[in-house]
Structures are given as C-alpha cells and as structure tokens.
Amino acid sequence: MRICVFCGSNPGHDPAYRDAATALGALLAREGIGVVYGGASVGLMGVVADAAKAGGGEVIGVIPRALLRREVAHDKLDDLRVVGSMHERKAVMASLSDAFIALPGGVGTLEEIFEVWSWAQLGQHAKPCGLLNVDGFYDSLLTFLEEVVAQGFLKQVHRDILMVASDADSMLRAIRRYQPPPVARWIADDES
Ligand code: AMP
C-alpha cells in the first residue's frame with residue numbers, strides 16, 4: 001500500500017505542523033506503507049519524507065523538472081520521478097497511490113486534495129481522501145464546506161468523502177475503514 005501526502009512547501013509558523021508531518025511519516029513507515037509526495041526537501045514536504053526514510057519506509061517523490069531547483073529535490077528518496085508538468089505530477093502521484101492525505105499547506109496543497117476529492121465525487125476512483133486537521137488548521141475551511149452543502153452546491157454524501165482527523169493514527173484508521181459512496185452522482189436530480 002502507498003499513501004500520497006500533500007503538504008506545504010513551507011513549514012508554517014507553528015511547530016505543531018512539523019510535529020504532525022514527522023508523526024505521519026513515521027507512522028506510515030512503521031505500518032509498512034509507502035509514501036508518495038511531491039519530491040521536495042523543503043517545508044513540510046521534506047519533513048514527511050525525512051521521517052518516513054528515518055523509519056525505514058519507502059518514499060517516492062514526483063517533481064516537475066521546472067521545480068527541481070525551486071523546491072530543492074530530495075536526494076535520499078527510493079525513487080525520484082522527474083516529470084514534465086504539474087498536471088503530470090498529480091496524475092503520476094494519483095496512479096501510484098491507494099489513498100490521499102493533506103497536511104497543512106498552501107494553495108498547492110489545497111488544489112491537490114480538492115482535485116483528488118473531486119475525482120472521487122465523479123466516481124473516477126474509490127480511494128480514500130483525508131484532511132489532517134492539525135491544531136484546527138482547517139476549521140474555517142470545514143465551516144465553509146458546511147455552507148457549500150447548505151447552499152446546495154455539494155451533497156452531504158460527497159462532502160463526507162473527505163475524511164477529517166486531527167492526528168495521524170486516527171487518519172489511518174479512517175482510511176482503512178473507508179467505504180466509497182455507493183452512487184457517485186454529483187449533479188442535483190429531482191429528489192434533491
Ligand atoms: P503549497 O501548499 O502551495 O506549499 O504547495 C505544495 C506543493 O504543491 C508544492 O510541491 C507545489 O509545487 C505543488 N503544487 C502547487 N500547485 C500545483 C499544481 N497545480 N499541480 C501540482 N502541484 C502543485
């Protein structure tokens with residue numbers, strides 16, 4: 001099994017974010033679960049990869065050629081796949097992975113987890129997607145998502161595809177229990 005971890009190319013201000021990235025990388029290594037991520041050595045991305053490698057885990061990085069220097073490609077990975085574009089990066093990360101977890105991060109992280117979540121809503125895959133809500137980092141986003149449901153733009157069953165946990169162990173338990181919704185239908189029909 002491999003899990004794709006999306007997270008900030010910055011470390012964030014609160015040391016809790018680094019601690020959570022370390023805990024997640026270490027847990028995945030301990031459980032024999034490979035890590036797929038963006039291949040950088042910077043920010044929380046580097047922290048997750050270092051922790052997984054330190055725990056003896058397998059880590060695969062996927063990085064676009066144009067970002068090799070900016071994100072400082074990690075040089076201690078089991079496999080570093082250099083791809084031609086951001087789109088290719090996400091496609092390769094998705095195809096290598098059995099589940100997706102977002103730690104705190106910026107627009108890159110948000111875009112990545114929203115993309116795989118939207119693919120799940122479309123029924124294009126049945127892989128679990130989770131937000132690791134470290135110290136309430138994603139609380140305001142979760143409140144906004146309630147509004148998206150309340151305003152009729154998102155069905156609750158599709159909102160619930162995106163699982164939320166505040167620590168790595170609970171996230172992994174939720175991933176292992178995940179059942180995709182039976183009918184992935186996202187456009188409102190007559191009953192809704
Ligand atoms: P950020 O959360 O903004 O620090 O970005 C986290 C990671 O997402 C970095 O490796 C970015 O290069 C990556 N990223 C940002 N935008 C995209 C995109 N459109 N497609 C693929 N990766 C992206």
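This structure is a prediction, so every number in the text was calculated from the model and none was measured. No hydrogens, no waters, no symmetry mates; every other heavy atom, side chains included, goes into these values. Atoms within a ligand are numbered from 1 in the order they appear, just like the ligands themselves.
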*Specify the protein heavy atom at minimum distance from atom 8 (O) of ligand 1: its residue, its atom name, and the distance to 0.1 Å.*
E112 OE2, 3.3 Å
_To check your reading of the model: name the closest protein heavy atom to atom 23 (C) of ligand 1, its residue, and the distance in Å._
M86 CE, 3.4 Å
_With heavy-atom distances below 4.0 Å as the criterion, list the atoms of ligand 1 near G8._
2 (O), 4 (O)
*Are Y17 and F137 close enough that their ring centers fall under 6.0 Å?*
yes
*asked:* Show the atoms of ligand 1 that are less than 4.0 angstrom away from any heavy atom in C7.
replied: 6 (C)
*For the pair K90 and E115, find out whether any cationic side-chain nitrogen is under 4.0 Å from an anionic carboxylate oxygen.*
yes
*Could you state the interatomic distance from CG (L24) to CG (L44), rounded to the nearest 0.5 Å?*
10.5 Å
*Please determine if S9 has a nitrogen or oxygen closer than 3.5 Å to a nitrogen or oxygen of ligand 1.*
yes
*Report, in ascending order of atom number, the atoms of ligand 1 lying under 4.0 Å from any heavy atom of G106.*
1 (P), 2 (O), 3 (O)
_Basic-acidic side-chain contact under 4.0 Å: E31, R176_ = yes
*asked:* I'd like to check which ligand 1 atoms, numbered from 1 as shown, lie under 4.0 Å from a non-hydrogen atom of E111.
replied: 17 (C), 18 (C), 19 (N), 20 (N)
*NZ/NE/NH1/NH2 to OD/OE distance under 4.0 Å, R89 and E71*: yes
_Proximal ligand 1 atoms for M45, defined as those under 4.0 Å from one of its heavy atoms_ = 9 (C), 10 (O)
*Which of the ligand 1 atoms, numbered from 1, are nearer than 4.0 Å to a heavy atom of E71*: 9 (C), 10 (O), 11 (C), 12 (O)
*asked:* I want to know whether F100 and H125 have ring centres closer than 6.0 Å.
replied: yes
_Non-neighbouring partners of W117 that pass ring-ring contact (aromatic ring centres under 6.0 Å, His included), sequence neighbours left out_ = F114
*R89 neighbourhood, listing ligand 1 atoms whose heavy-atom distance to it stays under 4.0 Å*: 9 (C), 10 (O), 11 (C), 12 (O), 13 (C), 14 (N), 22 (N), 23 (C)
*For atom 15 (C) of ligand 1, find the nearest protein heavy atom and state the residue, atom name and distance (0.1 Å precision).*
G108 CA, 3.2 Å
_Ion pair E58/K53, N-O distance below 4.0 Å_ = no
*Check ligand 1 against L67 and write out every atom of the ligand that is under 4.0 Å from a heavy-atom position of the residue.*
12 (O)
